[in-house]
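A short worksheet on the structure shown next.
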2 protein chains.
Amino acid sequence: MLDPVKISKALSEPARYKIMLMLVNQYYREVSQCCSFTTEGVCNCEIMAEFGMIQSRVSYHMKELTEAGLVTEKPCGKWKYYIPNAETLKNYINQLGVDFKL
Amino acid sequence: MLDPVKISKALSEPARYKIMLMLVNQYYREVSQCCSFTTEGVCNCEIMAEFGMIQSRVSYHMKELTEAGLVTEKPCGKWKYYIPNAETLKNYINQLGVDFKL
DNA sequence: TGCATACATCAAATATTTCTGATATGATAA
DNA sequence: TTATCATATCAGAAATATTTGATGTATGCA
């Protein structure tokens, strides 16, 4: 099911942790920076701008986060929006509690 | 203070996660396998035996766990016992909750 | 249609982590 | 003391992860 080692690894990269923080804080806004209509989620190009990262690097990290289940992708035309997956984070925390008897 | 990225990294290695599970489940026993008296904690050689790992490999991983604050060392003669640090795990979980607004 | 934009993917380079065997340190016991 | 045992540390090898630039794919617009 949920693999706490895999999620730990996804969170263990500083750039990825920062991206997760950004997603959590900005994923719901009135007006998106890219699409001309209201939407939720943060797109690739916003992450590039925020951290000064090149496009392929952002893509790589978003794939890692998505494969760990920490992020959900929402394509929107030629853009792609990312939404943090609170369920996975909750399950991860819960699993740690069970595994380590907290 | 507490660095969630560092703790994630410590937990992101399969061998280390398994060692943490072992520590949590065995750190308090009536009779130690190594010392001739009752003690708490699991020693290096028990971890070696449990997972079939060589000594330097166990030492390496225990150092990583200790430096992340996940384990506390308790020297006992020529042995060294490791005790899981529940406080760090709790703080880690708490920090994730704050950071990701759970 | 052709062009521009956004993101994905690839291969190569670089960086980092993990593993191993050798050796060092420190404690115990004869 | 000397021998032995448990653990630490080191240097090199091996394995993995990350970064980059080039190229591919798909969408939207003129």
Side-chain angles (χ1 to χ4, degrees), chain A residues 3 5-20 22-23 27 32-37 39-68 70-83, chain B residues 3 5-20 22-23 27 32-37 39-68 70-83:
Chain A
D3 180 353
V5 171
K6 184 167 191 173
I7 295 175
S8 301
K9 188 183 291 185
L11 294 173
S12 75
E13 219 285 326
R16 284 198 294 267
Y17 199 93
K18 283 185 216 150
I19 290 172
M20 284 300 294
M22 180 191 181
L23 295 193
Y27 84 99
S32 164
Q33 307 295 115
C34 293
C35 281
S36 56
F37 48 86
T39 187
E40 56 176 7
V42 173
C43 78
N44 218 314
C45 60
E46 290 176 279
I47 298 168
M48 293 167 62
E50 175 77 12
F51 301 112
M53 296 167 68
I54 65 173
Q55 182 267 322
S56 58
R57 188 181 173 197
V58 172
S59 263
Y60 166 73
H61 284 307
M62 296 321 292
K63 191 180 181 195
E64 295 288 308
L65 290 171
T66 301
E67 287 179 352
L70 286 167
V71 154
T72 300
E73 302 181 339
K74 182 183 160 195
C76 171
K78 59 181 168 180
W79 294 281
K80 185 182 266 182
Y81 285 85
Y82 299 102
I83 298 168
Chain B
D3 180 352
V5 172
K6 185 168 189 174
I7 295 176
S8 301
K9 189 184 290 186
L11 294 174
S12 74
E13 220 285 324
R16 285 198 293 266
Y17 199 93
K18 283 185 214 151
I19 290 171
M20 285 300 294
M22 180 189 180
L23 295 192
Y27 85 100
S32 165
Q33 308 294 114
C34 292
C35 280
S36 56
F37 47 86
T39 188
E40 57 176 7
V42 172
C43 79
N44 219 314
C45 60
E46 291 176 279
I47 298 168
M48 292 168 64
E50 175 77 11
F51 300 113
M53 296 166 71
I54 66 173
Q55 183 267 322
S56 58
R57 189 180 172 197
V58 172
S59 262
Y60 167 72
H61 284 306
M62 297 321 292
K63 190 180 182 196
E64 295 288 310
L65 290 172
T66 301
E67 287 180 351
L70 286 167
V71 154
T72 300
E73 302 182 338
K74 184 184 161 196
C76 172
K78 60 181 165 180
W79 293 281
K80 184 180 267 184
Y81 286 86
Y82 299 102
I83 298 169

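This structure is a prediction, so every number in the text was calculated from the model and none was measured. Naming convention: chains lettered A, B, ... in sequence-line order (proteins, then strands); numbering from 1 in each chain.
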Using a cut-off of under 3.5 Å, enumerate the N/O to N/O pairs linking the protein to nucleotides 16-18 of chain C.
from   : atom 1 : to      : atom 2 : distance (Å)
C:dT17 : OP1    : B:Lys9  : NZ     : 2.7
C:dT18 : OP1    : B:Arg16 : NH2    : 3.1
C:dT18 : OP2    : B:Arg16 : NH1    : 3.4
C:dT18 : OP2    : B:Tyr60 : OH     : 2.6

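Taking every side-chain heavy atom of A:Cys43 into account, C:dC7 is the closest of C:dA6, D:dT7, C:dC7. Among the nucleotides D:dT9, C:dG21, D:dT20, the one closest to the side chain of B:Ile54 is C:dG21.
Distance alone, capped at 3.5 Å, places no donor-acceptor pair between the A:Ser59 side chain and the A:Ser56 backbone. In this structure, A:Glu67 contributes its side chain and A:Glu64 its backbone to no donor-acceptor pair below 3.5 Å. When atom types are taken as modelled, the side chain of A:Arg16 and the backbone of A:Lys9 share a donor-acceptor pair closer than 3.5 angstrom.
Residue A:Asn44 has a polar side-chain atom (N or O) positioned under 4.0 Å from OP1 or OP2 of C:dA8. Neither OP1 nor OP2 of D:dA6 sits under 4.0 Å from any side-chain N or O of B:Lys80. A close approach under 4.0 Å does occur between a side-chain nitrogen or oxygen of A:Ser59 and OP1 or OP2 of C:dA8.
The base of D:dA8 sits with one of its N or O atoms less than 3.5 Å from a complementary donor or acceptor on the side chain of B:Gln55.
Listed here is the closest heavy atom pair of B:Glu46 and B:Tyr81: OE1-CE2, 4.1 Å.
If you measure from atom CE of A:Met53 to atom C1' of D:dT20, you get 12 Å, rounded to the nearest angstrom.
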